Novice: 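Take this structure first; my questions come after.
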Amino acid sequence: MKKICLVVLLFSAMLSAGAQSRRDDPMTEALMRTYQKLLDEDPRDPEVLFRRADEYYKLNDYVRALDDINNAIKFGAETKDFDMRLARQLRANILMMLHKDEQALADLNYELEADPMSYVATYQRATALYNLERYAESKADFRRMQQLNPRSQEALFGLARVAVKENNLGTANEFCDQAVAITPSNSQVYLRRADVRTMMGSYQGAVEDYLMAISTDQENTPKALQELVVLSRNNYPTVISGLTSAIRQAPKSGVLYFMRAMIAQGHCNYLAAIADYDKIIDDRLDSYPGINASLAECYYALGKYDTAQLNIDYAIGATHDNAFYYVLKSRIERALGNADAALSAAEKALEKNENYNDALVAKALAELALDESADASVALSEAAMNAPEDAYLALLRGWVLNDYRNQPANAERCYERVLDMDYDFDNVHSLRGFALMHLDRADEGDRWMERVLETANDYDGEVNYYGACYYAQSGNKDRAFRCMEAALEKGYANYHNWTRNSDAGINVAPIREDARFNALLEKYSRLFK
């Protein structure tokens, strides 16, 4: 779903910025140094260990938090003044964040023995029991929460989740509706009902709830958008249908058109995305320059480079925060054969952000087009230092070193590096089979590719596109064409990748001269025209 990137990455950054900014905050750094200094003086001080554990917990560093709180409880047992209940409450929180619910139960039971009326501990124990699939006990605790607070939404949603597990879907719906009725003006409640509806398989209802969350207030819009994107991977027609229905009710909402376009673009449905982006511009529903950048991406993917160029130039001129726009311009200029302009655009992106890897890659590819392979290799080496776990980058470096720099030994190290990266074996983006092919281990590569094709959720045809690339490069043309047709059937409409992409040995270039290639593109021309 990388092509959704501008909006989703922005929202993801908003969601994750809190913990990261706190970690980088000078006051936090000073506080942690103070804790360390105090523990250097007395490593058995339970109060300091507890406070540092709490700080690690707030920073989402649960492993360090658990180590500190275990020591705090161990050494605190030797003193009279240490608040053991508070420490065990914190440990229960940490253990649950580490998905160690069975261990958390001991601390939660300890707290509830001391205070049977503790609403928070009851909720935590109910959740831990639910996670452990002990549904009857979990239900009993959620019921206790209702006794402690008759308006408890946490209890109602907990009971709804248990009801789903018991296959009592009508009851689950009733609990959810009761929870929503308590605070119908709060977007969070719709996200929580959407989660239950997704569990139930009621995807249309979940989409409606995400849209309600977005329309209710701005607080949870990033989360709702992310969930819509995730849901679209398995239920694209349902998500698009829900957005279309919402647009009928609010035909002047630029946000809804943008969301539908963004999700369509993420599924390579570029023609539909362009129609919505044009609607926003033509009806003046929004003037965000990213709309033109998104149009440029779509036209670039469709191989309509002149129109892409016009849109990206407009987007660049409309804002100073445009490093990605310059990268996209570099790609477009290179596709047009303007290598000098492509290099200039990449360098302007690097002026905005000197460590921007997409810009470094764009710069390297432009330099290759200008026969400056040594400079390209330097740019890719710098990028590799920034992103040592990027499989595509490693393969790109290997390709340049082998095909342009005549350094097969160094290229082989790049391919070996791909095999050492921390990807799931059947993740197509690990590109493991391509590396194996270059290392003359084609049998292993074939097994990897077949495993990916058998197990991956190819919701937009991208997996089969990679299959077509792999088999085209390995010389198995018949298999490549089967993957190509499967990708096109699923809607993989990136015409640029089909017809022009020739980078890194991850492309279908070896089959483009075969008559079957153009015949398939013509058969599925509806995707591009």
Side-chain angles (χ1 to χ4, degrees), residues 2 300 305 309 312 316 322-421 429-441 445 469-470 472-474 496-497 499-510 512:
K2 288 184 179 178
Y300 170 75
Y305 305 120
Q309 186 183 48
I312 200 60
I316 286 172
N322 53 14
F324 171 73
Y325 300 169
Y326 274 114
V327 169
L328 183 53
K329 179 175 175 61
S330 179
R331 295 171 185 167
I332 294 166
E333 295 289 3
R334 190 163 68 94
L336 285 167
N338 304 328
D340 285 318
L343 180 58
S344 175
E347 288 174 338
K348 286 177 181 176
L350 288 168
E351 288 173 10
K352 305 278 183 178
N353 181 354
E354 64 182 0
N355 293 316
Y356 188 15
N357 261 26
D358 284 349
L360 287 166
V361 170
K363 179 174 185 279
L365 292 173
E367 287 168 336
L368 282 181
L370 293 167
D371 294 324
E372 297 173 0
S373 61
D375 291 338
S377 184
V378 171
L380 292 175
S381 295
E382 185 177 345
M385 287 189 286
N386 294 335
E389 293 294 312
D390 187 323
Y392 172 74
L393 184 54
L395 283 167
L396 190 62
R397 288 188 68 215
W399 173 62
V400 171
L401 290 167
N402 188 74
D403 291 17
Y404 289 86
R405 303 296 298 151
N406 193 28
Q407 298 178 17
N410 287 335
E412 186 172 310
R413 280 192 281 273
C414 291
Y415 301 138
E416 291 283 2
R417 176 75 191 101
V418 172
L419 304 184
D420 291 335
M421 291 182 182
H429 296 112
S430 74
L431 303 175
R432 184 179 181 88
F434 294 90
L436 289 165
M437 187 194 314
H438 289 301
L439 292 168
D440 296 323
R441 295 161 63 181
C469 293
Y470 176 83
Q473 296 291 329
S474 70
H496 171 82
N497 277 354
T499 62
R500 296 288 295 277
N501 180 20
S502 59
D503 303 333
I506 309 170
N507 54 72
V508 295
R512 286 178 186 148

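Here the structure is a predicted model, which is why all the values come from computation and not from measurement. Position 1 is the first residue of the sequence, and the numbers go up from there.
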Novice: Which of parallel (below 30°), tilted (30 to 60°) and perpendicular (above 60°) describes H438 and Y415?
Specialist: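 Because their plane-to-plane angle is under 30°, the rings of H438 and Y415 count as parallel.
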Novice: Testing the basics here: between Y470 and G445, what is the closest heavy-atom pair and its distance to 0.1 Å?
Specialist: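 The pair with the smallest heavy-atom distance is OH-C, 2.9 Å.
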Novice: About how many Å separate CZ of R413 and CG of N410, when rounded to the nearest 0.5 Å?
Specialist: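 Here the rounded value is 4.5 Å.
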Novice: Nearest 0.5 Å, please: how far is CG in L395 from CD1 in I506?
Specialist: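 It comes to 4.5 Å.
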Novice: Taking the basic N atoms (NZ, or NE/NH1/NH2) and the acidic carboxylate oxygens, is any pair closer than 4.0 Å for R334 and D503?
Specialist: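 Judged by the 4.0 Å cut-off on N to carboxylate O distance, R334 and D503 do form a salt bridge.
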Novice: What's the shortest heavy-atom distance between A323 and A349, and which atoms?
Specialist: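 A323 and A349 have their closest heavy atoms at O-CB, 3.5 Å.
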Novice: When rounded to the nearest 0.5 angstrom, what is the spacing between CZ in F434 and CD in Q473?
Specialist: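 F434 atom CZ to Q473 atom CD measures 7.5 Å (nearest 0.5 Å).
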Novice: Is the closest side-chain donor-acceptor distance between E382 and N357 under 3.5 Å?
Specialist: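 Short answer, no.
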Novice: What I want to find out is whether R417 reaches E389 closely enough, with some N-O distance under 4.0 Å, to be called a salt bridge.
Specialist: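 Salt bridge flag = yes for E389 with R417.
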Novice: Would you say the side chain of L380 lies within less than 4.5 Å of the side chain of W399, judging by non-hydrogen atoms?
Specialist: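 Contact flag for W399/L380 side chains = no.
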Novice: Quick one: does L368's side chain get under 4.5 Å of S373's, heavy atoms only?
Specialist: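 Yes, their side chains come closer than 4.5 Å.
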Novice: If I take atom CG from residue L401 and atom CG from residue L396, how far apart are they, to the nearest 0.5 angstrom?
Specialist: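 Between atom CG of L401 and atom CG of L396 there are 9.5 Å.
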